[in-house]
Number of protein chains: 2
Amino acid sequence: MDATVILRKHKLSKTTGRIEVLKLFIESDQALSEREIHSRIEYSFDRASIYRTLKTFSENGILHPVYGKNEMTKYILQQTPEEHLHFKCSECEKVMCLPEIKFNDIHLPEGFIKKEANYLVIGICDNCNL
Amino acid sequence: MDATVILRKHKLSKTTGRIEVLKLFIESDQALSEREIHSRIEYSFDRASIYRTLKTFSENGILHPVYGKNEMTKYILQQTPEEHLHFKCSECEKVMCLPEIKFNDIHLPEGFIKKEANYLVIGICDNCNL
DNA sequence: GTTTATGCAAATTCTTTGCAATACT
DNA sequence: AGTATTGCAAAGAATTTGCATAAAC
């Protein structure tokens with residue numbers, strides 16, 4: 001899991017901003033929003049550029065966007081090509097993968113083409129539920 | 001499927017705005033955003049009030065919010081209590097139910113509590129795929 | 001040297017909020 | 001009458017865009 005290796009694999013130019021953002025995701029066990037990235041990153045990276053980076057990474061399958069409540073998209077590293085459930089905690093706002101719960105065998109009705117999937121459960125996570 | 005009946009059942013006051021919004025959903029086979037509601041409704045209903053109405057309906061289980069790409073939440077009538085897949089077409093932007101594909105037997109890991117679920121596939125719908 | 005990404009500033013769009021006025025029960 | 005909802009205006013937040021500059025290949 002090396003940022004520059006991932007970038008090379010996807011034929012994306014290795015800029016400091018991209019590398020730093022990608023590192024953040026590699027180190028994180030949860031989904032991050034642009035706002036969280038901007039606040040955590042030490043390197044000064046313009047917000048518009050962060051958005052462009054997230055878009056590029058998603059288009060290349062490096063990140064998976066998770067659309068959830070509160071009008072904010074979070075992104076998470078696409079660890080496996082297998083589609084699985086994500087969970088958003090309404091207490092701590094953390095979004096994480098629940099890779100045990102998979103959705104590989106879903107087939108759509110005739111005529112529908114799948115391009116992207118989002119399986120999200122919102123509730124209380126094990127940590128907040130104490 | 002009568003708007004006033006639904007409102008009564010949920011002990012919500014029967015205001016013109018709520019009735020008109022609910023009618024729109026009853027007549028619609030697809031999810032609607034606040035913007036779409038505002039443009040389709042003949043009755044002059046303030047945008048802030050539409051948002052408040054959508055929130056109230058969702059809290060009462062009348063509508064189901066669907067969080068999707070393009071930072072806009074759409075809402076759809078909760079026809080059955082069964083959780084099922086929704087589909088968003090990236091061509092025509094239509095969001096619809098695919099009630100054939102159900103998710104009732106998903107059980108989360110120990111400690112997690114489900115409050116709301118969102119199962120969304122994004123792609124090309126049967127109508128745009130011609 | 002060309003192409004591509006970034007910074008900056010501004011614009012768009014979605015959504016929420018406070019408060020006085022109004023409609024519902 | 002009393003409570004809940006609405007209208008209005010303004011604020012807040014997320015996200016995008018144009019264009020000149022700078023960095024990557």
Side-chain angles (χ1 to χ4, degrees), chain A residues 3-24 31-60 62-63 65-75 88 90 93 95 118 122, chain B residues 3-24 31-60 62-63 65-75 88 90 93 95:
Chain A
T4 59
V5 172
I6 295 174
L7 290 174
R8 190 177 316 128
K9 192 165 77 179
H10 290 275
K11 296 186 179 56
L12 294 173
S13 58
K14 290 177 276 302
T15 69
T16 312
R18 285 181 177 172
I19 291 171
E20 291 305 313
V21 169
L22 199 39
K23 273 188 188 166
L24 230 51
L32 301 171
S33 64
E34 180 282 329
R35 170 175 284 270
E36 289 167 319
I37 293 165
H38 186 256
S39 72
R40 290 186 195 189
I41 208 169
E42 61 274 18
Y43 174 69
S44 157
F45 200 22
D46 186 69
R47 304 196 63 163
S49 299
I50 296 178
Y51 277 109
R52 284 185 280 230
T53 299
L54 292 173
K55 193 176 184 190
T56 303
F57 285 177
S58 300
E59 287 166 352
N60 280 272
I62 299 173
L63 295 180
V66 179
Y67 313 116
K69 234 191 175 85
N70 295 2
E71 82 295 325
M72 192 209 307
T73 303
K74 291 202 171 198
Y75 299 82
K88 176 168 188 171
S90 55
E93 292 284 308
V95 173
N118 244 265
I122 300 172
Chain B
T4 60
V5 172
I6 294 174
L7 290 174
R8 189 178 316 126
K9 193 165 75 179
H10 290 274
K11 298 186 179 58
L12 295 173
S13 57
K14 290 178 275 300
T15 69
T16 312
R18 283 181 177 172
I19 292 171
E20 292 304 314
V21 169
L22 200 38
K23 273 188 189 167
L24 231 52
L32 301 171
S33 64
E34 179 280 331
R35 171 177 283 270
E36 289 167 320
I37 293 165
H38 187 255
S39 71
R40 290 185 194 189
I41 208 169
E42 61 275 19
Y43 173 70
S44 155
F45 201 22
D46 185 71
R47 304 197 63 164
S49 298
I50 295 178
Y51 277 110
R52 283 185 281 231
T53 299
L54 292 172
K55 193 175 183 193
T56 303
F57 285 177
S58 300
E59 286 167 352
N60 280 274
I62 298 172
L63 295 181
V66 179
Y67 313 117
K69 232 191 175 82
N70 295 3
E71 81 296 323
M72 193 208 308
T73 303
K74 291 201 170 198
Y75 298 82
K88 176 167 189 171
S90 53
E93 292 284 308
V95 173

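Keep in mind that the numbers below use all heavy atoms, side chains included, and drop hydrogens, waters and symmetry copies. Every chain is numbered from 1 and lettered A, B, ... according to where its sequence line falls, protein lines coming before strand lines.
- Side-chain atoms of A:Thr73 lie closest to D:dT15 of the nucleotides D:dA13, D:dT15, C:dA9.
- The CG-C1' distance, from A:Asp46 to C:dA10, rounds to 12 Å in whole Å.
- Here the C1' atom of nucleotide C:dT17 and the NZ atom of B:Lys55 are 10 Å apart, to the nearest Å.
- Taking atom CZ of A:Arg35 as the reference point, atom P of D:dG12 lies 12 Å away to the nearest angstrom.
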**Report entry** From CA spacing to verdict: side-chain contact (heavy atoms from CB on, under 4.5 Å), A:Phe45, A:Ile37
**Finding:** CA-CA 9 Å; A:Phe45 200 22; A:Ile37 293 165; over 6 Å; no
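- Residue A:Lys74 contributes atom NZ, which lies 11 Å from atom P of D:dT15 at whole-angstrom precision.
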Query - Letter per nucleotide, 5' to 3', of nucleotides 19-25 of chain D [B base touched, S only sugar-phosphate touched, - untouched; heavy atoms, 4.0 Å] - result: -----SS
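- Looking at heavy atoms from C-beta onward, B:Thr56 lies out of side-chain contact with B:His10 at the 4.5 angstrom threshold.
- With D:dA14, C:dT16, C:dT6 as the choices, the nucleotide that has an atom nearest any side-chain atom of A:Met72 turns out to be D:dA14.
- Closest to the side chain of B:Tyr51, out of D:dA14, D:dG7, C:dT16, is C:dT16.
- Between A:Glu34 and A:Lys74 no salt bridge is recorded (no basic side-chain N to carboxylate O distance below 4.0 Å).
- Out of C:dA5, D:dA14, D:dT6, the shortest distance to the side chain of B:Thr53 is found at D:dT6.
- Between B:Thr53 and B:Leu22 the shortest side-chain heavy-atom distance does not fall below 4.5 Å.
- Inter-axis angle, ends of the helix from C:dG1-D:dC25 to C:dT25-D:dA1, five pairs per end, rounded to 10 degrees: 40°.
- Distances shorter than 4.0 Å separate none of the side-chain N or O atoms of A:Ser49 from OP1 or OP2 on C:dA5.
- Between A:Glu36 atom CD and D:dA13 atom P there is a gap of 15 Å when expressed in whole angstrom units.
- Residue A:Lys14 qualifies as enclosed at atom NZ: its count of foreign heavy atoms under 6.0 Å is above 12.
- In this entry the distance linking CG of B:Leu7 with P of D:dA4 reads 16 Å, nearest Å.
- Where B:Ser33 and A:Arg47 each meet DNA chain C at their nearest nucleotide, the meeting point lying more 5' is that of A:Arg47.
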**Report entry** From CA spacing to verdict: side-chain contact (heavy atoms from CB on, under 4.5 Å), A:Val66, A:Thr73
**Finding:** CA-CA 6 Å; A:Val66 179; A:Thr73 303; 6.0 Å; no
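- In this entry the distance linking CD of B:Glu20 with C1' of D:dT6 reads 15 Å, nearest Å.
- In this structure, A:Lys69 atom NZ and C:dT16 atom C1' are separated by 15 Å, rounded to whole Å.
- For A:Asn118 (side chain) and A:Pro65 (main-chain N/O), a donor-acceptor pair under 3.5 Å exists by modelled atom type.
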Report task. Any chance you could lay out the side-chain hydrogen bond (donor to acceptor under 3.5 Å, both in side chains) test for A:Ser39 and A:Glu36, step after step, and finish with the verdict? Result -> CA-CA 5 Å; A:Ser39 72; A:Glu36 289 167 319; over 6 Å; no
Query raised in the report: So B:Tyr67 and A:Ile122, side-chain contact (heavy atoms from CB on, under 4.5 Å) or not? Walk me through it.
Result: CA-CA 11 Å; B:Tyr67 313 117; A:Ile122 300 172; 3.7 Å; yes
